[in-house]
2 protein chains.
Amino acid sequence: MDDRKKKILQAVIDEYINTAEPVSSGALVKKYGLDYSSATVRNELAELESNGYLDKTHTSSGRVPSEKGYRFYVDELMKDDNVSLEEIKYIQEKLSTKINEIEDLTKITTSTISEITHYTTIAIGPRPETQIIEEIKFVLLGSRMLMVVIMTDNGLVKETIIKYEKDITQSQVETLNNLFNSKLKGKPLNKIDKPMEEYILSEINYSIDVIKPIIEQINKVIEQEEQVYYEGTGKSFDLPEFKSLEIAKNFVNVLDTKELMLEMLNSGVAKDINVYIGDENEQKELKDFSIVTFKHTVGDKELGTIGIIGPKRMNYSKVISVMKYISKKLNNNLQTNQSQENETKDTK
Amino acid sequence: MDDRKKKILQAVIDEYINTAEPVSSGALVKKYGLDYSSATVRNELAELESNGYLDKTHTSSGRVPSEKGYRFYVDELMKDDNVSLEEIKYIQEKLSTKINEIEDLTKITTSTISEITHYTTIAIGPRPETQIIEEIKFVLLGSRMLMVVIMTDNGLVKETIIKYEKDITQSQVETLNNLFNSKLKGKPLNKIDKPMEEYILSEINYSIDVIKPIIEQINKVIEQEEQVYYEGTGKSFDLPEFKSLEIAKNFVNVLDTKELMLEMLNSGVAKDINVYIGDENEQKELKDFSIVTFKHTVGDKELGTIGIIGPKRMNYSKVISVMKYISKKLNNNLQTNQSQENETKDTK
DNA sequence: TATTAGCACTGTTACTTGTGGAGTGCTAAC
DNA sequence: GTTAGCACTCCACAAGTAACAGTGCTAATA
């Protein structure tokens, strides 16, 4: 593909992302100051179409990017969109909130991204198996409530409560502390499986009534980590593609299906930013949408995955720039936070 | 209004709720086995219309219920819809899960209602000010993480974590335990206000760096209790009223505005079940929808508010019956649970 | 050989017109 | 008080038309 073709293709896609209308040869020449006539552009467009980068909605319509076109655009043409000063300020302000629990981090990041990009944003926390249990602590609340606190290596904390019908003694709590720590400390935060459960039960002479609920609750809390966070569901509805009821309905249904969202967010390769355009999505329900995800990490530790979902005609350049910026910012904040335990004040 | 009018009005509304089409005099006679002719029915319909219970979409169309009509229907005509055996079974199964945290309770109830009624269901937890602090407990995790656990009188637990830059000693923890308990135990779970904050600070000689984050976090956890839970957002989209893009968009936007949902759920009078039809909603954004809410309580303790939102043409009778049933069931479960601390096994 | 002006052609959109049908309101008869 | 009968209204849908935006192709041009 020669330079002129690239230039024209880029212009078509930029224009289409802006207007959502099929792009005509005339408009390209006029708006993008191309120094050849519309007829020449038409010839190029015809060729780009026959190479699969563009489509037409009907014989005499302007051109519309194909999925192959978008893909080429994302991979080769798109230029980085600068994050504006106001946006930077806004992001820094929101991310400088002191964050102790992973849910908060995820929520704040999600809402920030949604507000800046104006797209619907979804997120999940870290997959349990990527976290290492640093300590388990049992705390007695009153005489019949036992709280289990699990601390993981990324400095985050999960807790759950078990209610008993009989009193629990402080010495039982000590034993539990020792037992569970000796068994689980340093292990990944996986559900406690049958063999491990048997083993724990065999090691302790308490009634099964005491241990069983603990294991159940721990497993529950580990599983439920897979919660999906949403922000800005309504935002997409102002986009012209949502004029089609079919698409709008599809979109809502997709968001409403948690399993689908989980699968989608978890399927990202370990690249900084993943872009899936239409049919590139593994899930056929997502074929009309594009998705951009990134795993946010501190060092080699995964803290969750955040994704944007929108029409294929998405402002990829904006979205990706914002994600890159936020990803970097998060990393900085959390790394200083973790090494120095300082309150993160953004140095102007 | 005489009996025949009532009968006809009820038939119109029942039919409209089923079909979503304007109801004609002929259809009424045929489907509802009325023993007078369509002409008579037409006369009655005309009168019901002039009294404001019915509307027409155009001069020669069938009748459609007005808001006044729906209101009369809900208040006087509607007969209780029996909850079917399968539904009862399903509800009992879902509600018999052992529940320790209020979030779980709310989530499970919300999803149960949504699944049975096929409407979008929203919920919030108990308003903080209705809960009484029973105890506050500080627990040291490692040497620089402090966990604050707040137990309330409805047996539910809230916790939060504070990270420090310096070590915290066990004796400090003791002091905090004493201080906060003596000040807050027995008080409603309100945010800690300035005077109280001053008072606590004056009572203790720790650096402000220790106390301040505690108060901030406690306040944060109290505020965030006002979380909104959703289930079945997509369900409504199959209803014919959502053919109108206007309405569909409105609906999504309404759900997307948390403040609106909070306001709406909190505005319920202390009646068992509140029904708001269209313009009866205080929030003008909700004028095209009907909302049915109930506060779920154990004894006189509020545990949260759950609401269904759907088109004005809602199956009120079904929705209200399900809510009544679930409300009763919740109450039973929790009361036995609380008085005996027994696992709630449903007695067939 | 690459570019471009010119023009026929195509499909879209918006507007009009016409027709069948569903349902009402009214009148007059029962 | 009820009902058969009928004129009337309005909608939904189909078909036709006109304006127009934009293309593809041809032939002329640099």
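Proteins come first, then strands; the chains are lettered A, B, ... in the order of their sequence lines, and each starts at number 1.
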Indicate the ring-plane relationship of A:F237 and B:F237, choosing parallel, tilted or perpendicular according to the 30° and 60° boundaries. perpendicular
Ring geometry between B:F242 and B:F251 (parallel below 30°, tilted from 30 to 60°, perpendicular above 60°):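 Rings of B:F251 and B:F242: perpendicular, over 60°.
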Go through the side-chain N and O atoms of [X] and [Y] and say whether any donor and acceptor fall under 3.5 Å apart.
X      : Y      : result
B:T120 : B:S236 : yes
A:Y32  : A:E15  : yes
A:Y73  : A:D14  : yes

A:N43 CG - C:dA5 C1' separation (whole Å): 13 Å
Quick one: are [X] and [Y] in side-chain contact, heavy atoms under 4.5 Å?
X      : Y      : result
A:M264 : A:I122 : yes
A:L45  : A:L28  : yes
B:T117 : B:M323 : no

On DNA chain D, which is the earliest and which the latest nucleotide, 5' to 3', with an atom closer than 4.0 Å to a heavy atom of chain B?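 Result: D:dT2 to D:dC11.
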Could you list by number each residue of residues 4-32 of chain B showing a heavy-atom separation from DNA chain D of less than 4.0 Å, or answer none if no residue does? B:R4
Neighbours of DNA chain D within residues 47-58 of chain A, by heavy-atom distance under 4.0 Å: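 Those residues are A:K56.
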Among B:T233, B:I308, B:T112, B:I309, which residue meets the side-chain contact (heavy atoms from CB on, under 4.5 Å) test with B:T121? B:I308
Base of C:dT24 paired with side chain of B:S60 (donor-acceptor, under 3.5 Å): no
So, B:R71 and B:D75, do they make that salt bridge, N to O below 4.0 Å? yes
